[in-house]
Number of protein chains: 2
Amino acid sequence: MYEQLAKSIGDKVTLTEADFEVCKTFFIPKKIRKKQTLLLEGDVCTYNAFIEKGILRSYTTDEKGQEHIMQFAFEGWWITDLSSFLMGVHSTFTIEAIEDSELLLLTATAREELMDALPVFERYQRLLLQNAYIALQTRVNSALTATAEEKYTKLTISYPDIIARVPQHMIASYLGLTPETLSRVRKQINLRK
Amino acid sequence: MYEQLAKSIGDKVTLTEADFEVCKTFFIPKKIRKKQTLLLEGDVCTYNAFIEKGILRSYTTDEKGQEHIMQFAFEGWWITDLSSFLMGVHSTFTIEAIEDSELLLLTATAREELMDALPVFERYQRLLLQNAYIALQTRVNSALTATAEEKYTKLTISYPDIIARVPQHMIASYLGLTPETLSRVRKQINLRK
DNA sequence: AAATAAAATTGATTTAGATCAATGGTATTT
DNA sequence: AAATACCATTGATCTAAATCAATTTTATTT
């Protein structure tokens, strides 16, 4: 149940086995079924979730009821509404499981305590955040620069997992395209090869 | 020369005056004139720049020679190409002064040393990054969701400084619009009031 | 396994914003 | 202060992607 977490932390910092045992105690394991929500828009996000197994997504809903996906999260990734989680404000995102998933939840206070108990955890969190920030910049740039086809092609290269495991209409939403446009883009690409 | 830095750090963490004196020694002051570059696309970004005075911007240039602005940075903000700065890869961004500016530069090694010397500096950096990440998410969401007019209106509300101090064609670039479209959007808004 | 719901595809049409082009303004530069 | 380069505005036209609508395919549920 903690394999992915051990791997994720170990990739970024050095932690003894004893310290990892301490680390584990701060997390709350939780299973969540496909289509169940971990967070509803408007609620306060009380957890930062680490994914041991499965896929989740976070999304906003606009006035017309259309969903806009902010993030997909797979095994070994984290997902939360950061501003709600850190500042205690009402969330703008809904977080929902795309597959049956196994999570490790960290409350805001547990997170603070864990960073105090194991200073490398703060470093780990900073390193994760750096990567997440860089990835988001790339996404902004793609949104400003790229055509529909370029956006899709870049995604297939950078995140083949998303293409393989996520329904197409959700990929469209993530890229800021309609499902129809994405379907046509894929057809074009296939015709050319 | 260090007023803005003292303010920025003081807003996030607690630092004694003596520690701040230590902190100062890690920075290299630098003046840069309007239109001069701090970083050219393709070079390795050796500095994380804190802005004491002035405005800078970071942007990518596409195949057609068009510039796409990733970030504006004012007094009290930081600017860098994070992935180039941290990983030593060639930068995708150019960083350039919009006005004559005064900077405090931190090299990657100075930054590491500073975080070792003053652990609160690591926390300060993490807190900055958290805010930057949340702001970027908001920008992605706006890019996915909003019309040209909504993008502009949101910017006027969230960042009136940008509207007031940055040329219009750069605002257009930042929003992913052409200068013509932004001009028309502004006209529409003015006609309505 | 049949029934139902959800997702993907394809076609016809519309539209928001881009592009092309010209003019008037506003800064820099000499 | 004149000259030059850069910016913002306005108009006409074009186009990539959205919308509307129908059909086929694939998943879920009973």
Checklist entry - Please give, in whole Å, the distance from dA18(C) C1' to L182(B) CG? => result 14 Å

Next on the checklist: The side chain of R186(A) is closest to which nucleotide in this list: dT9(C), dG11(C), dT9(D)?
Outcome noted: dT9(C)

Checklist entry - Is it true that K53(B) and E99(B) make a salt bridge, defined as a side-chain N closer than 4.0 Å to a carboxylate O? => result no

Item to check | N/O (side chain, K187(B)) to phosphate O (OP1/OP2, dT10(D)) under 4.0 Å | outcome: yes

Next on the checklist: Please compare T181(B) and K34(B) by the position of their nearest nucleotide in DNA chain C and report the one closer to 5'.
Outcome noted: T181(B)

Checklist entry - Is M115(B) linked to L5(B) within one hydrophobic cluster, defined over Ile, Leu, Val, Met, Phe, Trp and Tyr using a side-chain heavy-atom separation of less than 4.5 Å? => result yes

Next on the checklist: At 4.0 Å (heavy atoms only), tell me whether L177(A) reaches a base, stays on the sugar-phosphate, or touches nothing.
Outcome noted: sugar-phosphate

Item to check | Distance in angstrom units between N190(A) CG and dT10(C) C1', rounded | outcome: 15 Å

Checklist entry - So, H68(A) versus D62(A): side-chain donor-acceptor pair below 3.5 Å or not? => result yes

Checklist outcome for this item: Separation of dT9(C) atom C1' from Q188(A) atom CD, nearest Å, is 14 Å

Checklist outcome for this item: Ranking M170(B) and R184(B) by the position along DNA chain D of their nearest nucleotide, the one closer to 5' is M170(B)

Checklist entry - Could you give the CD1-to-C1' distance, from I171(B) to dT9(D), as a whole number of Å? => result 15 Å

Item to check | Whole-Å distance separating the CG atom of L191(B) from the P atom of dT9(D) | outcome: 12 Å

Checklist entry - With respect to the phosphate group of dA18(C), does any side-chain polar atom (N or O) of T178(B) fall under 4.0 Å of OP1 or OP2? => result yes

Next on the checklist: Below 30° counts as parallel, above 60° as perpendicular, anything between as tilted: where do the rings of F27(B) and W78(B) land?
Outcome noted: tilted

Item to check | N or O in side chain of H169(B) less than 4.0 angstrom from dC6(D) OP1/OP2 | outcome: no

Next on the checklist: Is the phosphate of dT26(D) approached by Q168(A) (side-chain N or O, under 4.0 Å from OP1 or OP2)?
Outcome noted: no

Item to check | Residue E180(A), side-chain atoms from C-beta onward, closest of dA17(D), dC20(D), dG17(C) | outcome: dC20(D)

Checklist entry - Between atom NE2 in H68(B) and atom C1' in dA18(C), what is the gap in whole Å? => result 13 Å

Checklist entry - Separation of I189(B) atom CD1 from dT9(D) atom C1', in whole Å? => result 15 Å

Item to check | N/O donor-acceptor pair, side chain R33(B) with base dT28(C), under 3.5 angstrom | outcome: no

Checklist entry - With a 4.0 Å cut-off, would you call K31(A) and E52(A) a salt bridge? => result no

Item to check | Whole-Å gap separating C1' (dT19(D)) and CD (Q66(A)) | outcome: 10 Å

